[in-house]
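What follows is a short report on a single structure.
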Amino acid sequence: MINISFPDGAVRQYESGVSALDIAKSISEGLARKVLAASVNGQVWDATRPITEDASLKLLTWTDPEGQDTFWHSSAHLMAEAVESLYPGVKFWVGPALDKGFYYDMDLGDRKITEEDLAALEKKMTELARQSNRYIRKEMPKSEAVAYFTEKGDEYKLDLLQNLNDGEITFYSQGAFTDLCRGPHIPDTGFIKAIKLTNVSGAYWKGDEKNKMLTRVYGVTFPNQKELDEYTTMLEEAKKRDHRKLGKELSIFTMDEDIGPGLILWMPNGSIIIEELEKLAKETEEEAGYKRVVTPHIAKENLYLTSGHLPYYQDSMFPPMELDGAKYYLKAMNCPHHHKIFDAEQKSYKDLPYRLAEYGTCYRYEQSGELFGLMRVRCLHMNDAHIYCTKEQFAAEFKAVNDMYLKYFEIFGIEKYVMRLSLHEPSKLGQKYINEPELWLETEEMVRQVLKESGTPFVEVPDEGAFYGPKIDVQIWSTIGREFTLATNQVDFAQGRRFNLSYTNKDNAPETPLIIHRAPLGTHERFIGFLLEHYAGKFPVWLAPLQVKVLPISDKFMDYALDVQKKLKRSGVRVEVDDRQEKIGKKIRDTELMKVPYMLVVGEKEMSEGKLSVRRQGKGDLGSQDIHAFIDMIVDEIENRKSGE
RNA sequence: GCCGUUGUAGCUCAGUGGUAGAGCACUUCCUUGGUAAGGAAGAGGUCGUGAGUUCAAUUCUCAUCAACGGCUCCA
């Protein structure tokens with residue numbers, strides 16, 4: 001007999017060799033029907049695998065992340081079985097579970113799967129799932145496994161086997177399909193009730209673009225149809241928030257083939273948002289002691305040789321143009337220009353910290369397949385600034401920058417983000433990273449302390465630093481799930497030296513400043529793309545391109561409407577009058593769809609009383625208000641940049 | 001850059017080997033209507049671009065450009 005302890009602290013005795021599924025059955029049949037896998041002493045196991053020692057056990061169902069993981073991994077195997085039956089001779093690489101769903105990479109030889117073929121695959125999968133075939137685990141000696149795949153001519157699985165040791169090699173079979181697999185798996189295919197193959201794409205073998213491109217099929221499965229329907233609905237809702245769709249609907253931005261890929265045309269509505277963001281940045285930076293500068297969009301080759309961006313970054317820069325025997329590049333970053341401003345005049349320690357800010361226009365030749373709406377573009381406007389400071393000032397400056405991030409996030413109600421602290425890898429000093437071991441450790445620790453003290457949630461990622469120092473990236477996710485760096489904050493102890501920047505210290509000796517690169521609002525492009533999705537197009541009043549629309553009941557009240565408009569305009573409110581010959585219902589509908597925060601309905605009643613009927617977008621009629629009371633309220637809302645929630 | 005898909009009116013989309021259609025938007029007229037679509041008429045497209053096959057191409061083939069879904073990349 002063995003002792004099994006449960007999460008609630010209970011301990012029960014079972015015969016050795018009992019499986020988690022047996023145990024579940026001993027508790028209740030209903031539970032047994034839901035068990036997908038089990039956590040045995042903290043390791044996720046097949047629910048059917050015999051337990052032969054005392055163990056702590058947690059039964060995993062669909063409500064556990066590990067349960068879903070196992071479910072989707074098993075679904076990948078089910079898909080592989082279907083693929084193999086429809087495309088005999090196919091070779092498989094790996095088929096992991098994802099956050100939501102799974103994929104399997106495969107080599108189909110000369111054949112290919114297109115999206116049209118997915119329906120047939122789904123059908124086959126459903127058919128195989130209904131057979132409720134058990135997933136059977138089998139341990140195998142390495143030599144036997146190698147022989148098996150050598151005979152099959154499966155170079156992919158042989159490659160996988162290279163990294164596995166004898167004694168840890170397991171195979172899983174279900175139905176006619178057998179695969180090298182660590183597991184675990186769900187008890188049988190019958191658990192998989194709802195199947196959706198979402199897309200098919202190419203994927204480089206081992207993620208290396210020099211390697212062969214395999215076919216990757218993505219899918220998602222559920223234990224019932226209802227969950228699949230909910231998931232489908234959720235995806236449709238997310239699509240409505242896609243910044244590309246909203247940007248078009250709300251006339252924020254456009255693109256044109258004649259302008260070029262990744263080059264954004266900001267329409268009047270988008271330009272208003274840009275101006276509001278810049279106003280915020282200028283106010284904030286002014287208060288924090290930054291000085292504004294303006295620098296050209298191009299510079300000579302030598303600048304980027306000095307900075308070290310050429311040749312490493314050259315592939316991401318537009319090719320140079322030759323003028324008067326010199327090569328000029330479109331700038332991909334603002335820092336070298338700012339360094340030159342720092343260097344233009346002699347600096348004393350009394351001048352530090354010296355903070356230069358600019359909404360700098362940069363051009364980056366991103367690969368064509370990389371472009372993505374506003375999120376990844378070729379011309380971008382960066383909320384950039386560089387702080388030149390002494391080592392002693394560094395911690396305080398870095399903290400001030402971090403505080404600025406947090407202040408911005410509060411204004412925009414940004415709660416879902418992750419700060420990634422990217423560190424260096426000591427073995428790569430002198431290659432990927434500048435060879436300053438003490439400075440690396442010292443600044444990394446300072447940065448870590450600042451983050452800890454401010455209570456900012458962050459994760460540390462090794463070997464992701466910039467070549468000139470550690471950095472903090474603020475990661476966000478677009479509504480369709482793509483991850484982006486919204487903002488970045490970097491420490492730089494290389495550029496100062498490369499540009500021979502110096503200041504005179506108290507001892508009358510030259511010293512190289514430390515530099516902090518920071519861009520809390522990222523770029524206009526990505527930030528507005530993010531805001532569109534974040535607010536679902538319903539901007540707070542201060543950011544809304546049009547803040548108020550006056551809706552006269554009929555032409556008879558046009559003069560009054562124009563008078564209301566005039567008064568609001570005088571208070572600095574962005575306001576228009578709907579002067580179309582439409583019924584009020586139609587005017588309201590159109591204004592609602594354009595997500596204008598306030599609608600002012602004016603008719604006989606309002607005109608005679610000198611009042612307004614106020615309607616808030618998405619909330620409906622707020623009742624009648626005095627004109628001045630409304631102006632006071634909206635001006636307060638705008639000036640204090642209220643979220644409008 | 002790589003794999004796959006798509007490209008028809010301002011927008012969303014239907015359609016065909018014999019040079020095109022809907023809804024919304026737009027223009028004009030009627031309507032002056034109280035909180036999410038009043039009515040009528042009209043205008044608008046070299047069917048992404050270039051080449052090929054064909055008596056004939058928007059439709060088939062190839063190339064190219066762009067967008068989309070992924071991969072790779074992302075100081």
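Letters A, B, ... mirror the listed sequences (proteins, then strands); counts begin at 1. Just so you know, these numbers use all the heavy atoms, side chains as well, and skip hydrogens, waters and symmetry mates.
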Closest to the side chain of A/Y313, out of B/A75, B/G34, B/G4, is B/A75
Counting any heavy atom closer than 4.0 Å, what does A/I584 reach on the DNA or RNA strands: base, sugar-phosphate only, or nothing? sugar-phosphate
By the Watson-Crick or G-U definition, both distances under 3.5 Å, B/G44 is matched with none
inquiry  = For a quick check under 3.5 Å, do A/K331 and A/T295 share a side-chain donor-acceptor pair by atom type?
reply    = yes
Here the distance between atom P of B/G70 and atom OH of A/Y104, to the nearest Å, is 22 Å
(message) Is it the case that the side chains of A/H339 and A/Y388 hold a donor-acceptor pair, with the cut-off being a distance below 3.5 Å and no angle test?
(response) yes
Exercise. Just call it for A/N199: base, sugar-phosphate, or nothing, with non-hydrogen atoms closer than 4.0 Å on any strand.
Key: sugar-phosphate
- prompt: Between A/Y204 and B/C73, does any side-chain N or O lie under 4.0 Å from OP1 or OP2?
  reply: no
From CG of A/L593 across to P of B/U12 the rounded distance in Å is 16 Å
Modelled atom types, side-chain donor and acceptor of A/Y156 and A/D107, under 3.5 Å
yes
Taking only the C1' atom of each, what is the distance from B/A43 to B/U5 in whole angstrom? 35 Å
Partner of B/U5 under the Watson-Crick or G-U wobble criteria, both distances under 3.5 Å, comes out as B/A67
Q.
For B/A25 and A/K586 - does any side-chain N or O of the residue sit under 4.0 Å from the phosphate oxygens OP1/OP2?
A. yes
Practice item. Compute both the distance and the angle, then confirm whether A/R420 meets the cation-pi test with A/F458: under 6.0 Å from the six-membered ring centre, within 45 degrees of the axis. Key: no
By centroid distance (under 5.5 Å) and plane angle (under 30°), are A/H309 and B/A75 in a stacked arrangement? yes
Practice item. Give one of base, sugar-phosphate or nothing for A/G369, where a contact means two heavy atoms less than 4.0 Å apart. Key: base
note: A/R589, atom CZ; B/A36, atom P; distance rounded to Å ~ 11 Å
Note to self: Taking donor-acceptor contacts at under 3.5 Å, does the side chain of A/E606 reach the base of B/G34?
What the structure shows: yes
**Message:** At less than 3.5 Å, do the side-chain atoms of A/R376 and the base atoms of B/C73 form a donor-acceptor pair?
**Reply:** yes
**OP:** Classify the nucleic acid contact of A/F372 as base, sugar-phosphate or nothing, counting any heavy atom under 4.0 Å across all strands shown.
**Re:** sugar-phosphate
Exactly one of A/Y468, A/F467, A/F394, A/W440 clears ring pair (Phe, Tyr, Trp, His ring centres under 6.0 Å) with A/F493, and that residue is A/W440
Between NZ of A/K248 and C1' of B/U12 the distance, given in whole Å, is 9 Å
Of A/E366 and A/R378, the one whose closest nucleotide on RNA chain B sits nearer the 5' end is A/R378
Result for side-chain hydrogen bond (donor to acceptor under 3.5 Å, both in side chains) between A/H338 and one of A/H517, A/R355, A/H386 points to A/H386
Using a 4.0 Å heavy-atom cut-off across all strands, classify A/E582 as base, sugar-phosphate, or nothing. base
Note to self: Tell me whether the side-chain N or O atoms of A/S613 pair up with the base of B/U35 as donor and acceptor below 3.5 Å, since no angle test is needed here.
What the structure shows: yes
Exercise for review: Select base, sugar-phosphate, or nothing to describe what A/Y218 touches, counting heavy atoms under 4.0 Å on all strands.
Suggested key: sugar-phosphate
### Query
Just to confirm, is there a sub-4.0 Å distance from OP1 or OP2 of B/A75 to any side-chain nitrogen or oxygen of A/K471?
yes
By the Watson-Crick or G-U definition, both distances under 3.5 Å, B/A57 is matched with none
Sugar-phosphate, base or nothing in reach of A/F467, heavy atoms under 4.0 Å: nothing
Answer yes if the side chains of A/Q314 and A/Y304 hold a donor-acceptor pair under 3.5 Å, and no otherwise.
-> no
Nearest-nucleotide check on RNA chain B, A/Y365 vs A/V614; residue mapping nearer the 5' end is A/Y365
Answer for the Watson-Crick or wobble partner of B/A25, both distances under 3.5 Å, is none
Of the listed B/U35, B/G33, B/A66, the closest approach to the A/E257 side chain comes from B/A66
The nucleotide from B/U72, B/G7, B/U32 with an atom nearest the side chain of A/S554 is B/U32
*Side chains of A/Q475 and A/T485, donor plus acceptor under 3.5 Å*: yes
Partner of B/C73 under the Watson-Crick or G-U wobble criteria, both distances under 3.5 Å, comes out as none
Please measure how far the C1' atom in B/A57 lies from the corresponding atom in B/G17, and state the result in whole Å. 7 Å
note: A/I113, atom CD1; B/U5, atom P; distance rounded to Å ~ 12 Å
Start with the C-alpha distance between A/D463 and A/Y433, add both sets of side-chain angles, then the distance that settles side-chain hydrogen bond (donor to acceptor under 3.5 Å, both in side chains), and finish with yes or no. CA-CA 9 Å; A/D463 200 14; A/Y433 304 109; 2.5 Å; yes
Provide the distance between the two C1' atoms, one in B/U27 and one in B/G44, to the nearest whole Å. 10 Å
Q.
Can you check the distance between B/C29 and B/A14, where both ends of the measurement are the P atom (answer in whole Å)?
A. 36 Å
Taking the C1' atom of each, how far is B/U6 from B/G48, in whole Å? 11 Å
Distance between P atoms of B/U12 and B/G7 (Å, rounded): 13 Å
query: How far does the C1' atom of B/A22 sit from the matching atom of B/C74, given to the nearest Å?
result: 43 Å
Paired to B/G33 by Watson-Crick or G-U wobble criteria (both distances under 3.5 Å) is none
In whole angstroms, the gap separating P of B/C73 from CD of A/E464 amounts to 11 Å
Under 4.0 Å, counting only non-hydrogen atoms across every strand here, what does A/G207 touch: a base, just sugar-phosphate, or nothing?
sugar-phosphate
Rounded to whole Å, CZ of A/R244 lies from P of B/U12 at a distance of 13 Å
Rounded to whole Å, the CD-P distance (A/E592 to B/G34) equals 19 Å
task: Answer with base, sugar-phosphate or nothing: what part of the nucleic acid does A/R216 contact at a heavy-atom distance below 4.0 Å?
output: sugar-phosphate
**Message:** Measuring only the P atom in each nucleotide, how far is B/A63 from B/C2? A whole number of Å is fine.
**Reply:** 13 Å
**Prompt:** According to a strict under-4.0 Å criterion, is A/K605 in side-chain N/O contact with OP1 or OP2 of B/G34?
**Reply:** no
From the candidates B/A75, B/A67, B/C71, the one with an atom nearest any side-chain atom of A/L371 is B/A67
Q) Does one side chain, of A/T488 or A/D473, offer a donor that lies under 3.5 Å from an acceptor on the other? A) yes
Exercise. May I ask you to verify if any side-chain N or O of A/S201 is less than 4.0 angstrom from the OP1 or OP2 atom of B/G69?
Key: no
Re B/G17: Watson-Crick or G-U wobble partner, both distances kept under 3.5 Å, found to be none
If pairing means Watson-Crick or G-U wobble with both distances under 3.5 Å, then the partner of B/G50 is B/C62
Quick one: is B/G33 close enough that its OP1 or OP2 comes under 4.0 Å of any side-chain N or O from A/K556?
yes
